[in-house]
S.K.: 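For reference, the structure I am asking about is given below.
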There are 2 protein chains.
Amino acid sequence: MEKIKNALIDKGIKPTYQRIKILEYLEKNTNHPTVDMIYAALYKNVPTLSRTTVYNTVDVFSKNGLINVLTITGSELRYDIHTDQHHHFLCKKCGRIIDMNIKCPYLEKAKNGEHKIEEIHGYFIGVCKDCLAKEKN
Amino acid sequence: MEKIKNALIDKGIKPTYQRIKILEYLEKNTNHPTVDMIYAALYKNVPTLSRTTVYNTVDVFSKNGLINVLTITGSELRYDIHTDQHHHFLCKKCGRIIDMNIKCPYLEKAKNGEHKIEEIHGYFIGVCKDCLAKEKN
DNA sequence: ATGACTGCAAAATATTTGCATATTC
DNA sequence: GAATATGCAAATATTTTGCAGTCAT
C-alpha cells in the first residue's frame, strides 16, 4: 500500500484512501474491469465509496497514464493497468477481455504520418478457446 | 437506388424503403456516422423514420457484414461501410474519425492462435493534421 | 486554513424492449 | 395472407453534473 501511495505521489496525484484502493484493485485485477466492477468489489470494504469517485479516479489515472481506457465492448468503458503496449481479445460468448501479446511494427510506423498519434490500440473479436471447448460438448 | 436494393436482396435482407435509404446514406457518408447522425440526416426526407429502425437496421447490416461497428469513441457506436480492412484514427480535438490505410500482417498472424478470431480492429488516437495546423496559430 | 476530493441525487445520453400497426413478397 | 419490419413510448444502463460537506497537507 505504501508503494502504491508513492506511485501516486510520483505522478503528482494526491494519494487519498479511495485512490489508493482503486489503484490497488486495478493492479491485482487484470480482467479489465468496468467502473461498476471496481465499485462493487471495493464497496464491501469501503462502504462510503461512491460511483462518482470511481469515475473521477479512473479519469485522473488515465489522464496521467497510469491506466488505459478500453472502448472495445461498445456498451461500457473498461480499465487496464498500463503496462507495455499490448492488444486485446474480446470473446463475444463470455464477454471476457484477454490480453494478447503481439508486437506490431507496422502500427508503430504510422506514427511518422501526418497526424500526431498518441495512442495505438488493437483488438480482436471472436470466440475464446474456453468457449470453443464448451461448444464441442 | 436499384443497385442498393439488389445488394440487400443478395444478402437475404428485405429491401424496405428505410433500409435502402440508410444503406444509401452510409455509402455516401464515409465520415463514420452515429445512429443519431443517420437519423437526423434522413428524417428530413423520411419524417416517419424512427431511431429504433435505424438501430435495428445498422444491427442487421453489421450482422450481414455490410457495415462495420466502431467502438472507438467510447460514448457511442459509429458505423462504417465495409470495405477492405483498414484502421481508424480518432482526433481528440475535433472528434473526426479518419481512415488509415495501413496493412498489418502481424495482426493477421494472430488468427493462428488458440482463440477463434473473427474481427480485427486497429485504431489510433491523437490530434489530426488540421487541428495541429490550427494550434500553431 | 484552503484548495482539492468525495459522495449524493438528479440529469443527460445512448441504447433496448414491448407491443400495436404497417409493409413486403 | 403470413411473416417480417416499423415506430412509438417507456425502460435500462452508463456516464456526467451541481453542489454541499469532508479531507489532506
Side-chain angles (χ1 to χ4, degrees), chain A residues 1-2 4-23 25 32-40 42-64 66-67 69-79 95 97, chain B residues 1-2 4-23 25 32-40 42-64 66-67 69-79 95 97:
Chain A
M1 181 143 158
E2 203 56 31
I4 290 174
K5 189 169 168 178
N6 290 329
L8 290 174
I9 292 169
D10 284 353
K11 290 277 184 179
I13 302 169
K14 279 198 183 168
T16 66
Y17 185 68
Q18 291 86 338
R19 287 172 173 178
I20 291 167
K21 284 295 172 191
I22 291 169
L23 187 55
Y25 178 83
H32 318 86
T34 61
V35 162
D36 218 59
M37 286 160 74
I38 300 169
Y39 171 77
L42 295 179
Y43 183 77
K44 294 172 203 157
N45 299 316
V46 190
T48 67
L49 183 67
S50 148
R51 242 174 282 260
T52 308
T53 298
V54 182
Y55 278 107
N56 288 337
T57 301
V58 291
D59 202 45
V60 169
F61 287 176
S62 72
K63 282 199 174 112
N64 283 278
L66 279 170
I67 62 178
V69 185
L70 309 185
T71 63
I72 182 168
T73 70
S75 63
E76 84 271 294
L77 300 177
R78 309 193 60 148
Y79 300 90
I97 296 174
Chain B
M1 179 142 159
E2 203 57 31
I4 290 175
K5 189 170 168 176
N6 290 331
L8 290 175
I9 293 169
D10 284 352
K11 289 277 184 179
I13 301 168
K14 279 199 183 168
T16 66
Y17 184 68
Q18 290 87 337
R19 286 172 175 179
I20 291 166
K21 284 296 172 191
I22 291 169
L23 187 54
Y25 178 83
H32 318 86
T34 62
V35 161
D36 218 60
M37 286 161 74
I38 300 169
Y39 171 77
L42 294 178
Y43 183 77
K44 293 172 203 157
N45 300 317
V46 191
T48 67
L49 183 68
S50 150
R51 240 175 283 258
T52 307
T53 299
V54 182
Y55 277 108
N56 288 337
T57 302
V58 291
D59 202 46
V60 169
F61 287 176
S62 71
K63 282 195 175 118
N64 283 277
L66 280 169
I67 62 178
V69 185
L70 309 185
T71 62
I72 182 168
T73 69
S75 63
E76 84 270 296
L77 299 177
R78 309 193 60 147
Y79 299 91
I97 296 174

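Note that the structure is predicted; figures quoted are calculated from it, not measured. The chains referred to below are lettered A, B, ... by the order of the sequence lines, with proteins before strands, and numbering in each begins at 1.
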S.K.: Please check the phosphate of dG7(C) (OP1 and OP2 only) for any side-chain N or O of T48(A) closer than 4.0 Å.
M.R.: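 Affirmative; the distance criterion is met.
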
S.K.: Of the candidate nucleotides dT6(C), dT14(D), dT6(D), which contains the atom at the shortest distance from the side chain of N56(A)?
M.R.: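 When the side chain of N56(A) is considered, dT6(C) is the closest of dT6(C), dT14(D), dT6(D).
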
S.K.: For dT6(D), does OP1 or OP2 lie under 4.0 Å from any side-chain N or O of T16(B)?
M.R.: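 Checking dT6(D) against T16(B), a side-chain N or O does come within under 4.0 Å of OP1 or OP2.
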
S.K.: Strictly below 4.0 Å: does Q18(B) bring a side-chain N or O up to OP1 or OP2 of dT23(C)?
M.R.: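 Negative; the distance criterion is not met.
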
S.K.: Do the side chains of K21(B) and N45(B) get nearer than 4.5 Å, heavy atoms only?
M.R.: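 Sidechains of K21(B) and N45(B): no contact.
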
S.K.: Do V69(A) and Y79(A) have side chains that get closer than 4.5 Å, going by heavy atoms?
M.R.: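 In contact.
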
S.K.: Specify the separation, in whole Å, of atom NZ of K14(A) and atom P of dT22(D).
M.R.: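 Rounded to the whole Å, the gap is 17 Å.
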
S.K.: Which heavy atom in R78(A) sits nearest to a heavy atom in H32(A), and how many Å separate them?
M.R.: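 R78(A) and H32(A) have their closest heavy atoms at NE-O, 2.7 Å.
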
S.K.: Choose from dT6(C), dG7(D), dT15(C) the nucleotide whose nearest atom is closest to any side-chain atom of L77(B).
M.R.: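 Of the candidates, dT15(C) comes closest.
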
S.K.: Base, sugar-phosphate, or nothing for S75(B), non-hydrogen atoms under 4.0 angstrom?
M.R.: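 Here S75(B) touches the backbone only, sparing every base.
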
S.K.: From the set dT24(C), dT14(D), dC5(C), return the single nucleotide nearest to any side-chain atom of R19(A).
M.R.: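 The answer is dC5(C).
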
S.K.: Does some side-chain heavy atom of T16(B) sit less than 4.5 Å from a side-chain heavy atom of T57(B)?
M.R.: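 In short, these two side chains do not touch, never coming nearer than 4.5 Å.
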
S.K.: Do T34(B) and L77(B) have side chains that get closer than 4.5 Å, going by heavy atoms?
M.R.: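 In short, these two side chains do not touch, never coming nearer than 4.5 Å.
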
S.K.: Is any side-chain N or O of S50(B) under 3.5 Å from a base N or O of dC8(D), one able to act as donor and the other as acceptor?
M.R.: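 Counting by modelled atom types and ignoring angles, no donor-acceptor contact under 3.5 Å is found here.
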
S.K.: Rounded to whole angstrom units, what separation is found between the CZ atom of F61(A) and the P atom of dC5(C)?
M.R.: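 Value for this atom pair: 11 Å.
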
S.K.: Does any N or O donor sit under 3.5 Å from an N or O acceptor when you compare the side chain of T52(A) with the base of dC8(C)?
M.R.: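 Yes, the side chain and the base share a sub-3.5 Å donor-acceptor pair.
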
S.K.: Just to confirm, is there a sub-4.0 Å distance from OP1 or OP2 of dT15(C) to any side-chain nitrogen or oxygen of R51(B)?
M.R.: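 No, no such contact exists.
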
S.K.: When you match Y39(A) and K5(B) each to their closest nucleotide on DNA chain C, which lands nearer the 5' end?
M.R.: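 The 5'-side residue here is Y39(A).
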
S.K.: Ignoring backbone atoms, establish whether Y55(A) has a side-chain N or O less than 4.0 Å from OP1 or OP2 of dT15(D).
M.R.: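 Yes, because at least one side-chain N or O of Y55(A) sits under 4.0 Å from OP1 or OP2 of dT15(D).
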
